[in-house]
Number of protein chains: 2
Amino acid sequence: MSEGTEGSSTSAPRARLLDTATRIFYAEGIHSVGVDRIISEAQVTRATLYRHFTGKEDLVLAYLDRADRGIRAGIEAARAGEPSAADAVRAIGRFITGGIESTGFRGCAFLNAVAEYPDPAHPIHQAVLAHRQWFLDTVTELLAQVGDRPAEEAGRHFVMLRDGAMASGCLSDPKPIAETFLLGVEGILRARGA
Amino acid sequence: MSEGTEGSSTSAPRARLLDTATRIFYAEGIHSVGVDRIISEAQVTRATLYRHFTGKEDLVLAYLDRADRGIRAGIEAARAGEPSAADAVRAIGRFITGGIESTGFRGCAFLNAVAEYPDPAHPIHQAVLAHRQWFLDTVTELLAQVGDRPAEEAGRHFVMLRDGAMASGCLSDPKPIAETFLLGVEGILRARGA
DNA sequence: AAGAAGAGACCGAACGTTCTCCCTCGCGAA
DNA sequence: TTCGCGAGGGAGAACGTTCGGTCTCTTCTT
């Protein structure tokens with residue numbers, strides 16, 4: 001098989017495991033899914049899971065880490081080549097609505113996860129906080145380049161709209177949600193003179 | 001909504017049960033809490049729980065039903081006596097930020113619950129949808145009295161901001177979140193000529 | 001020969017639920 | 001007034017299932 005280019009750290013069973021965990025955790029939640037279900041659908045044995053991960057919590061962290069990397073890459077790709085900071089913000093907005101309107105959308109993986117791990121000291125909770133801080137910083141930094149006023153307020157506004165759109169996007173028709181979100185983003189940009 | 005017991009025969013053990021369930025479910029989630037924990041802290045026996053509720057799910061529905069009634073009463077009280085529709089919207093906004101800034105705030109009980117019950121056919125999921133529909137309708141109806149344009153867009157905008165504020169209000173300092181939310185509400189009202 | 005993976009038994013604990021037994025309290029009938 | 005009876009609640013055993021996790025053994029590949 002063509003597995004040689006992957007490197008020694010990623011094996012096919014491990015990839016199946018992470019793929020399956022990602023799919024099921026995102027679609028159905030974390031606490032309500034047992035490891036039996038995951039190893040069954042990933043077609044690996046119990047021992048294989050515990051060979052690659054220290055336990056279920058480690059698998060959840062790997063799931064969130066992969067989601068984090070994917071979103072960072074998506075945001076990076078979305079803003080690449082945009083002629084202005086305002087257009088980069090718009091591109092990020094379209095990236096978000098693209099997710100909301102895609103099939104199988106079940107809300108923000110991080111907001112969903114933190115709802116199941118409210119303890120701020122828990123590693124999973126902290127992983128969510130780290131992702132959110134990065135996103136807030138990224139958006140605020142970009143909005144600071146639109147207009148010359150401080151952008152903290154605008155950044156929080158953008159993230160608040162995003163959180164609301166992501167939370168409600170899987171609870172009703174996503175079309176109006178996406179439209180309302182993009183209108184809100186335009187409002188933020190307009191308030192900064194873009 | 002759930003269990004057939006009328007409000008007339010509210011026994012002390014049943015009240016302790018619902019109080020305890022409300023406190024623990026809201027603070028720690030639903031799937032991660034067992035009935036052992038609830039009956040232990042409520043100081044009732046197993047049989048008493050199943051005498052008043054058909055099962056854990058019924059207890060969760062009763063928890064959400066009580067939360068729904070509380071929020072409806074709170075919204076009703078907040079808008080009572082406000083001289084204009086715009087001021088009523090502002091009062092609802094302050095009601096929401098009051099919750100966010102209160103001690104023990106752990107986000108929206110309904111958004112947290114629906115994150116654990118993504119199946120749209122599940123009774124708990126549907127209870128969340130019903131509550132959200134009522135809230136959207138209430139806010140939209142109020143905003144329709146501010147300005148003379150259709151208020152569907154503004155209502156969705158308000159709810160989206162609220163969802164974002166509730167979701168992030170327990171993940172970082174609630175003060176800036178509350179401020180950003182109220183500024184957003186003022187923006188919605190201003191856009192409608194209030 | 002060595003390491004990864006499969007197969008599956010096994011563990012103690014927790015899960016939601018049902019069950020029996022006994023005690024207490026309130027209320028209507030005698 | 002007293003009796004009895006049923007409902008509500010306490011105490012706890014027990015149900016079968018599932019949980020996350022560990023174990024041994026074999027097979028396959030390199």
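Since this is a predicted model, take the numbers as computed values, not measurements. Chain letters run A, B, ... following the sequence lines, proteins first and then strands; every chain starts at 1.
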Ring pair (Phe, Tyr, Trp, His ring centres under 6.0 Å) partners of B:Tyr117, counting only residues at least two apart: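 Only B:His31, B:His122 meet the ring pair (Phe, Tyr, Trp, His ring centres under 6.0 Å) criterion with B:Tyr117.
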Going by side-chain hydrogen bond (donor to acceptor under 3.5 Å, both in side chains), name the residues that satisfy it together with [X], two or more places apart in sequence or in a different chain.
X: A:Glu141; answer: none
X: A:Arg106; answer: none
X: B:Arg37; answer: B:Glu28, B:Glu41
X: B:Thr138; answer: B:Trp134

Annotated protein contacts, base or backbone, on nucleotides 17-26 of chain C with a non-hydrogen cut-off under 4.0 Å, one of B, S, - each: BBB-------
Qualifying ring-ring contact (aromatic ring centres under 6.0 Å, His included) pairs, either residue in residues 170-194 of chain A, two or more places apart: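 Listed once each, the pairs are A:Phe158-A:Phe181.
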Name all pairs fulfilling the ring-ring contact (aromatic ring centres under 6.0 Å, His included) condition that reach into residues 69-103 of chain B, sequence neighbours left out, sorted by first residue then second.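 Checked against ring-ring contact (aromatic ring centres under 6.0 Å, His included) - neighbours excluded - no pair reaches residues 69-103 of chain B.
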Applying a 4.0 Å non-hydrogen cut-off, can you work out what A:Arg37 is touching in the nucleic acid: base, sugar-phosphate, or nothing?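 The answer is nothing, as A:Arg37 stays clear of every strand by at least 4.0 Å.
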Taking side chain to side chain donor-acceptor pair (under 3.5 Å) as the cut-off, I'd like each qualifying pair that reaches into residues 73-83 of chain A, sequence neighbours left out, listed once.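 Sorted pair list comes back empty.
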Of the residues in residues 38-45 of chain A, which ones touch DNA chain D at a heavy-atom distance under 4.0 Å?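 Of all residues in residues 38-45 of chain A, none places a heavy atom under 4.0 Å from DNA chain D.
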Could you go through residues 164-177 of chain A and list every donor-acceptor pair under 3.5 Å that involves a side-chain atom there, pairing it with any protein atom two or more places apart or in another chain?
unit_1: A:Ser168; atom_1: OG; unit_2: A:Gly164; atom_2: O; d: 2.9
unit_1: A:Asp173; atom_1: OD1; unit_2: A:Lys175; atom_2: N; d: 3.2
unit_1: A:Lys175; atom_1: NZ; unit_2: A:Glu101; atom_2: OE1; d: 3.0

Could you tell me from which nucleotide to which nucleotide of DNA chain D, 5' to 3', there is an atom under 4.0 Å from chain A heavy atoms?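 Range of nucleotides within reach of chain A: D:dC19 to D:dC23.
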Can you give me the closest heavy-atom contact between B:Gly104 and B:Tyr26, atom names plus distance?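 Heavy-atom minimum between the residues: O-CE2, 3.5 Å.
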